[in-house]
S.K.: 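Can you keep this structure in mind? I'll have questions shortly.
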Amino acid sequence: MAVDRVDMAVEEGEFFAMLGPSGSGKTTCLRLIAGFEQPSEGAIEIFGEAVAGVPPYRRQVNTVFQDYALFPHLSVTDNVAYGLMIKGVAKSERVQAAEEALEMVRLPGYGSRKPSQLSGGQRQRVALARALVNKPKVLLLDEPLGALDLKLREDMQEELKALQRALGITFIFVTHDQGEALSMADRVAVFNEGRVMQVGTPREVYHKPNTEFVAGFVGSSNVLPETFVEKLTGTAALASLRPETIKVVKKGGHEAEVLGTSFTGAATKLVLRLGDVQLNALVDHEVGDLKAGDKIRVNWTPGSVHLMGGAGG
Amino acid sequence: MADTTVIGAASSGWAGKVSDALWRRPTLFLLLLLAPPALWLGVIYLGSLFALLAQSFFSIDEFSGLIKYELTLKTYRELLIPANLDIIVRTTSMAAAVTLASAIIAFPIAYFAARYARGRWKALFYLGVMLPLWSSYLVKVYAWKLILAKEGILNWLFGKLHLTWVLEALLSVPVIGGNSLSVSYTGTFLVFVYVWLPFMVLPMQAALERVPASYLEASADLGAIPFQTFRNVVFPLALPGIIAGSIFTFSLTLGDYIIPQIIGSSRLFIGQAVYAHQGTAGNIPLAAAFTVVPVVIMGFYLWMAKRKGAFDAL
């Protein structure tokens, strides 16, 4: 429930992801922006206006909930038109707006159904339409793709991105899935234990993690111990080495023992031991049949080793 | 590995054999399970109800006082004379007033229990609502007679607070007033609300329990002030629970003959009329006709509730 010293600024029209494991404070942050929680100290500003003490119904922010929170007693049209009905928009006008919003999320003609008659993916689209029909300044999405299966999730990622580009609204997106955050967002904030560890573009966060946590959580990088890094670079510091930058070579490089292999579809994952350091490597299938106990040689380019400021950040 | 078997030995006992047989015939199993309660409900419960209703289509011979077993609507003509209609209107109005008041009082309690009460507070809620149901109904009603009497604690309290004039003003109102609270319709109403309140609170709480907090947040997020959220989301979703509770409070009030006899004016309620006609008067057909009234009223009430969409959220 606690977030502590979270300091970040989201740009207008940006697709911003808040990434972190469960309990890291990312959802609490989202709820603070929506107004469901009140900060005990500190300030939140939306477009330069301080929103402390402003209830959610006075904020021009809309939310797509993790469980979608569609009203079960209302039809899809009435769900989508709910915000407009509250504002007092005439019935014919709001029904038309709802139908347009449903077309935008590619669910035309579904208006008369009840939420219980829709699939998970369809409910997700209705929740999206219900939020967007109000033309919010900021759209908050709380793990919106979490309940969908893989194929649908990938389609929705593309669609959400296209929608955000087309509408130009600021999207703030909460997820625990680093792949989702990296592929969709313009910038990513990585959360851990109620704090923001790093904010940056997906490339920055991926290639230049500033802490052991970010290196490990985003793309499960190898974190090299200080003594090993000192031997490699002459500087005693923790460093990150991405699994996919490790190559199997005929000669040169470092001798490694294979501890285990697994097939992951696109690549083969190797668990290696270099002296007293254990590394994960993601290599092409061409390495052939390796099995535990095999001795091989591996190498990487010097630029792949990214020095990190320190364990605490 | 040839000696591996995947099927365990069939149990030799009769219980095992019966289990195996029933597992293969799930319909038979369901039938066996349902037959006893269906018989109980169908024959003993509904059957006796229909036997009672059938009585209302017989009539009583004015001279001999014996029941004539011929189908006739004579008893219903008797039911609709002004004196009896008075009883029906009085009882129905009381039941409606009790139901409305119970719903208004029960809602905040049920809402608190469903939304905020956790752990110990929830246990306290259940205890508070159920505890009055554990003690005897008659004891409670007689206790209320003492509380509401002219020499009772309520009068004494109003006197101490120099508010006797409020009580007197209330008691001087025609129809709901009277000599003291214990002999007025107001008194009857208060005791009915007290006695039936748990039957409204519990189904309401169960219905509200099924409304996730995210619905309320979503409504606020879409611009609704709390009152709009109540009207558009909470109330419609709680409505099946409110209807269920009102069926209890409404029908229990319609059928009760003890409370109006102990507390209130001497004018009859439906339950008392049934009691009097089947007992001393020996007019079983008219008593049966009176019992048809609550059944018809409840049927009409449910039909109206369904038409108004009260069960859409189910």
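Here is how names work: the chains are called A, B, and so on, in the same order as the sequence lines, proteins then strands, and each is numbered from 1.
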S.K.: What closest approach, in Å, do B/N232 and A/H73 show between heavy atoms, and which atom pair accounts for it?
M.R.: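 Heavy atoms only, the tightest pair is O-NE2, 2.8 Å.
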
S.K.: When rounded to the nearest 0.5 angstrom, what distance separates CZ in A/R58 from CD1 in B/I225?
M.R.: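 The CZ atom of A/R58 sits 7.5 Å away from the CD1 atom of B/I225.
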
S.K.: Return yes if some donor-acceptor pair links the side-chain N/O of B/D221 with the main-chain N/O of A/P56 below 3.5 Å, else return no.
M.R.: no

S.K.: Taking everything shown except B/R120 itself, do over 12 heavy atoms lie less than 6.0 Å from its CZ?
M.R.: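 Incorrect, the count does not exceed 12.
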
S.K.: Count the heavy-atom pairs under 4.5 Å between each of A/L70, A/V133, A/L140, A/N134 and chain B, then report the option with the highest count.
M.R.: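 Answer, by heavy-atom pair count under 4.5 Å with chain B: A/L70.
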
S.K.: Using every non-hydrogen atom in the two residues, find where B/Y215 and A/P72 come nearest and quote the distance to one decimal.
M.R.: CE2-CD, 3.4 Å

S.K.: More than 12 non-hydrogen atoms from neighbouring residues, nucleotides or ligands closer than 6.0 Å to OH on B/Y257, yes or no?
M.R.: no

S.K.: Just wondering, are more than 12 heavy atoms of other shown residues or ligands nearer than 6.0 Å to CG in A/D7?
M.R.: no

S.K.: If you take all heavy atoms of A/Y57 and B/P226, which pair is closest and at what distance?
M.R.: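 Minimum heavy-atom separation between A/Y57 and B/P226: CE2-CD, 3.5 Å.
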
S.K.: What are the two closest non-hydrogen atoms of B/Q228 and A/I86, and how far apart are they?
M.R.: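 Minimum heavy-atom contact is OE1-CG2, 3.5 Å.
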
S.K.: Work out which heavy atom in A/Y82 is nearest to a heavy atom in B/S219; give both atom names and the distance.
M.R.: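 Taking A/Y82 first and B/S219 second, the nearest heavy atoms are OH-OG, 2.7 Å.
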
S.K.: Is it true that atom OH of B/Y111 has more than 12 heavy atoms of other residues, nucleotides or ligands lying nearer than 6.0 Å?
M.R.: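 More than 12 within 6.0 Å, yes.
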
S.K.: Are more than 12 heavy atoms, taken from residues, nucleotides or ligands other than A/K135, located less than 6.0 Å from that residue's NZ atom?
M.R.: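 Incorrect, the count does not exceed 12.
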
S.K.: Rounded to the nearest 0.5 Å, what separates atom CG in B/L237 from atom CG in A/L74?
M.R.: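 Going from CG on B/L237 over to CG on A/L74, the span is 8.0 Å.
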
S.K.: Salt bridge (charged side-chain N to carboxylate O under 4.0 Å, His left out): which pairs involve residues 100-109 of chain A, sequence neighbours left out?
M.R.: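 Residue pairs with at least one partner in residues 100-109 of chain A: A/R106-A/E159.
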
S.K.: Quick check on A/F47: does its CZ atom have over 12 non-hydrogen neighbours (other residues, nucleotides or ligands) under 6.0 Å away?
M.R.: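 Yes, CZ of A/F47 has more than 12 neighbouring heavy atoms, counting only those of other groups under 6.0 Å.
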
